[in-house]
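First up is the structure itself, then whatever we jot down about it.
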Amino acid sequence: MDTRRSPRYLHERLATQVRRRRLQLRLSQEELADRCGLHRTYIGAIERAERNVTLATIEALAEGLGCDGADLLGK
C-alpha cells in the first residue's frame with residue numbers, strides 16, 4: 001500500500017494540520033473543542049493521531065478552525 005494513503009499517514013496528517021491550525025488561531029484544545037462540539041480530550045487524541053475520526057468530525061473540526069475539511073487532509 002502506498003504509505004501516503006495508509007490509515008496511519010492520514011491520521012498523522014490530520015493530527016498535524018489540526019494542531020498547526022489551532023496554534024495559528026491561538027486556541028487551546030478546550031476552546032477548539034467548544035467550537036466543534038467535541039470533548040477536549042478527544043481533540044488531544046486527534047492531535048496525537050490516536051483516533052480514527054469520521055467525516056462528520058473532520059467537518060466539525062474544519063468549521064471550528066475556519067477552513068475546509070479537505071484542507072485538513074491535503075498537503
Side-chain angles (χ1 to χ4, degrees):
M1 177 184 279
D2 184 355
T3 57
R4 292 175 302 163
R5 305 224 183 227
S6 72
R8 184 69 191 160
Y9 171 82
L10 293 173
H11 294 159
E12 289 174 0
R13 182 68 188 161
L14 178 66
T16 299
Q17 289 289 54
V18 168
R19 182 177 178 85
R20 183 179 66 78
R21 289 175 184 271
R22 178 180 63 78
L23 293 175
Q24 283 178 339
L25 294 171
R26 298 176 187 232
L27 295 173
S28 67
Q29 288 180 346
E30 187 169 3
E31 289 168 326
L32 177 58
D34 288 343
R35 285 182 172 203
C36 299
L38 301 170
H39 195 274
R40 175 192 52 80
T41 59
Y42 191 68
I43 297 294
I46 291 169
E47 289 187 359
R48 291 188 302 275
E50 296 173 351
R51 294 291 179 171
N52 186 20
V53 301
T54 64
L55 292 173
T57 300
I58 291 172
E59 188 62 27
L61 289 166
E63 188 172 317
L65 293 166
C67 66
D68 187 74
D71 294 335
L72 296 178
L73 295 174
K75 291 189 177 199

Checklist entry - Would one find more than 12 heavy atoms of other residues, nucleotides or ligands at under 6.0 Å from atom CG of L55? => result no
State the [atom1]-[atom2] distance between [X] and [Y], to the nearest 0.5 angstrom.
| X | Y | atom1 | atom2 | result |
| --- | --- | --- | --- | --- |
| S6 | E12 | OG | CD | 7.5 Å |
| L61 | D71 | CG | CG | 12.5 Å |
| I46 | Q17 | CD1 | CD | 14.0 Å |

Checklist entry - Which pairs pass side chain to side chain donor-acceptor pair (under 3.5 Å) with one or both residues in residues 37-46, sequence neighbours excluded? => result H39-T41
Next on the checklist: According to side chain to side chain donor-acceptor pair (under 3.5 Å), does anything in residues 55-66 pair up with another residue at least two apart or in another chain? List the pairs.
Outcome noted: T54-T57
Checklist entry - For L25 and L65, which heavy atoms make the closest approach, and how far apart are they? => result CD1-O, 3.5 Å
Checklist entry - Closest heavy-atom contact between A62 and G69? => result CB-N, 3.4 Å
List the residues meeting side-chain contact (heavy atoms from CB on, under 4.5 Å) with [X], not counting sequence neighbours, and say none if there are none.
| X | value |
| --- | --- |
| D34 | E30 |
| R26 | none |
| A60 | C36 |

Next on the checklist: Applying salt bridge (charged side-chain N to carboxylate O under 4.0 Å, His left out) as the test, list every pair that has at least one member in residues 43-53; sequence neighbours left out.
Outcome noted: R19-E47, R22-E47, R48-E50
Checklist entry - So, does R8 use its side chain to make a donor-acceptor pair with the main chain of A49 at under 3.5 Å? => result yes
Item to check | Any L72 side-chain heavy atom under 4.5 Å of C67 side chain | outcome: yes
Checklist entry - Salt bridge or not for E31 and R35, using N-O below 4.0 Å? => result no
